[in-house]
Amino acid sequence: MSDDREFLMIPGPVSVDDEVLEALGRPVRAHYGDGWTELYKRCIAGMKQVFKTSGDVHLIFGSGMAGIETCIASVLGPGDEVLVATNGLFGDRMADVATANGMKVHRVRPELAHAVTAAQVRDALDENPEVRAVCVVHHETSVGVLNEVQGICAAAREHGALTIVDGISSVGGVPFDMDGWGADLCVTVANKCIGGAIGVAPLAAGRRALEALADGRPKAAGWYLNLATWREFADKWGGWHPHPTTMPTNVVEAFDVALSGLLKEGVDNRCRRLAAARDRVRDGLEEMGFRMLSPIDIASPVTTASYGLPNMNLADYSAYLFSEHHMRIGGGLGELSGKIFRVGHMGRAAEPAAIDLYLRATADYVEKNGLKA
């Protein structure tokens, strides 16, 4: 953090290791051939370990929401009923995607900054027996809360519904067991807990999802954001071009470096390290008098959401961190805009030196502005 580059302490994208940046800067390579196919399949195998699945994995070229739309539209058709368990912006986006694809959406929404529980989902499924899929965000970054995904998967399976999990800001940094929990589809991204660059959304599909994909019912998906297309090319062209379109080869090379680092560290070890970084930030802020948005038992291990101190101008605080320390934090979204700020603990933001600098800078700001709890 000694140069003038912007240092990201937001809930993603993340500031990445130098080795990842070096991979991005290599000469552009072709997106097919033996060497490329070996690298791509190595990433697939690695992500199966991270998702903890024996199912299909594909590296969707696009944002996390491209992966979410692929999941929803590939196994569901217009008119199908979907239950979206949402407690924030990104859960609401899953509902928007389902609505845009012609589905009938039912919502479960707890109180602000509370987790969605399995009991709430089970009650909603009882009220809506025709629901074919439950959509849920594992880590809702807009409020820094973890939802009860393991229990929600069980409730959906009891109902006979699929579970589609947004693991964009959790997989690789928060404990997640796709096969063990019974999740049917899950999406993450390179640029969050894995510590890679923007542009790749790994998508995992289990047996029940693949059965729904091939059940002969009309689906909402077109061609590109269609899991059937990705499976077709992985099967027919798997020996030299295992994806339907040109891939961002440098981004995937950088992803390979980041993923290799994650596997070398061990997913469980990374989960513990990021959670320890959260605890250090949370404890440091509370010592200064800040009040957290959610209690520790539902708080995300990789994002801290906090209210500002009384009379604290959060926009000015964020601007101070950026102008004086080249450090960027996140603000509140929607009804929490101007009321909270959010600090991410993924990528290099989990480093002790970064945390210490952030806490010192915050303490300086509090003192300079005469703020008190």
Side-chain angles (χ1 to χ4, degrees), residues 1-18 88 112-113 139-146 169 173-174 191-193 195 270-373:
M1 297 182 62
S2 60
D3 59 26
D4 290 341
R5 286 181 297 182
E6 180 177 359
F7 193 85
L8 301 177
M9 296 195 74
I10 57 179
V14 299
S15 289
V16 302
D17 291 338
D18 289 342
L112 180 67
H139 165 209
E140 178 53 73
T141 53
S142 67
V143 290
V145 167
L146 284 188
S169 298
V174 178
N191 55 278
K192 299 271 189 172
C193 296
R270 177 159 299 182
C271 289
R272 286 190 286 268
R273 180 168 63 83
L274 300 189
R278 183 276 313 270
D279 292 345
R280 175 71 185 96
V281 169
R282 189 178 176 105
D283 290 348
L285 290 173
E286 288 181 330
E287 287 173 8
M288 296 180 223
F290 288 90
R291 181 167 64 93
M292 301 298 106
L293 179 64
S294 298
I296 191 67
D297 61 326
I298 62 170
S300 161
V302 294
T303 298
T304 293
S306 172
Y307 289 104
L309 295 173
N311 301 314
M312 184 176 184
N313 185 322
L314 293 183
D316 184 69
Y317 166 56
S318 295
Y320 167 82
L321 292 174
F322 186 73
S323 63
E324 298 298 322
H325 300 282
H326 309 290
M327 184 178 290
R328 188 180 295 277
I329 62 171
L333 300 172
E335 62 185 297
L336 291 170
S337 178
K339 299 177 181 178
I340 68 165
F341 60 93
R342 296 172 300 133
V343 182
H345 317 301
M346 298 172 267
R348 295 194 61 200
E351 295 175 0
I355 294 170
D356 289 345
L357 176 58
Y358 165 69
L359 291 174
R360 285 197 303 269
T362 298
D364 288 346
Y365 181 86
V366 169
E367 183 178 356
K368 288 177 181 178
N369 288 274
L371 299 170
K372 297 180 180 179

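As the structure is a prediction and not an experimental result, all values here were calculated from the model.
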side-chain contact (heavy atoms from CB on, under 4.5 Å) evaluation trace for Y365 with E324: CA-CA 10 Å; Y365 181 86; E324 298 298 322; over 6 Å; no

Passing option when R342 is tested against L333, V143, L336 for side-chain contact (heavy atoms from CB on, under 4.5 Å):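 Exactly one candidate clears the test, L333.
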
Contact check, side chains of L371 and M288, non-hydrogen atoms, under 4.5 Å: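 Not touching, per the 4.5 Å side-chain cut-off.
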
Using a 4.5 Å cut-off on heavy atoms from C-beta on, say whether the side chain of P301 contacts that of L146.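 They are in contact (side-chain heavy atoms under 4.5 Å apart), so the answer is yes.
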
List the atom of [X], the atom of [Y], and the distance in Å for their closest heavy-atom pair.
X: R282; Y: A299; value: NH1-CB, 3.5 Å
X: M312; Y: F290; value: SD-CE2, 3.6 Å
X: P13; Y: I10; value: O-CG1, 3.6 Å
X: V14; Y: K192; value: CG1-O, 3.6 Å
X: A349; Y: G344; value: CB-O, 3.5 Å
X: S169; Y: P11; value: OG-O, 4.4 Å

Measuring from [X]:[atom1] to [Y]:[atom2], what's the distance to the nearest 0.5 Å?
X: M346; Y: T141; atom1: CE; atom2: OG1; value: 7.0 Å
X: E351; Y: M9; atom1: CD; atom2: CE; value: 9.5 Å
X: R348; Y: L8; atom1: CZ; atom2: CG; value: 10.5 Å
X: L274; Y: R278; atom1: CG; atom2: CZ; value: 10.5 Å
X: F322; Y: R328; atom1: CZ; atom2: CZ; value: 4.5 Å
X: F341; Y: T362; atom1: CZ; atom2: OG1; value: 6.5 Å

Using the side-chain contact (heavy atoms from CB on, under 4.5 Å) rule, take L293 and K339 through it: C-alpha gap first, then chi angles, then the decisive distance, then the call. CA-CA 10 Å; L293 179 64; K339 299 177 181 178; over 6 Å; no

Classify the ring geometry of Y317 against Y358: parallel below 30°, tilted from 30° to 60°, perpendicular beyond 60°.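 If you compare the ring of Y317 with that of Y358, the planes turn out tilted.
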
Can you check whether V343's main-chain N or O pairs, donor with acceptor, with T304's side chain at less than 3.5 Å?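 Between the backbone of V343 and the side chain of T304 there is no qualifying donor-acceptor contact (under 3.5 Å).
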
Is it the case that atom CG in D297 sees more than 12 heavy atoms from other parts of the structure closer than 6.0 Å?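 Yes, because the 6.0 Å sphere around CG of D297 holds more than 12 heavy atoms from other groups.
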
Could you walk me through whether K372 and N311 satisfy the side-chain contact (heavy atoms from CB on, under 4.5 Å) test, starting with their C-alpha distance in whole Å, then the side-chain angles of each, then the deciding distance to 0.1 Å, before giving a yes or no? CA-CA 9 Å; K372 297 180 180 179; N311 301 314; over 6 Å; no

Using side-chain contact (heavy atoms from CB on, under 4.5 Å), reason through M292 and L285 one step at a time and then give a plain yes or no. CA-CA 9 Å; M292 301 298 106; L285 290 173; 3.8 Å; yes

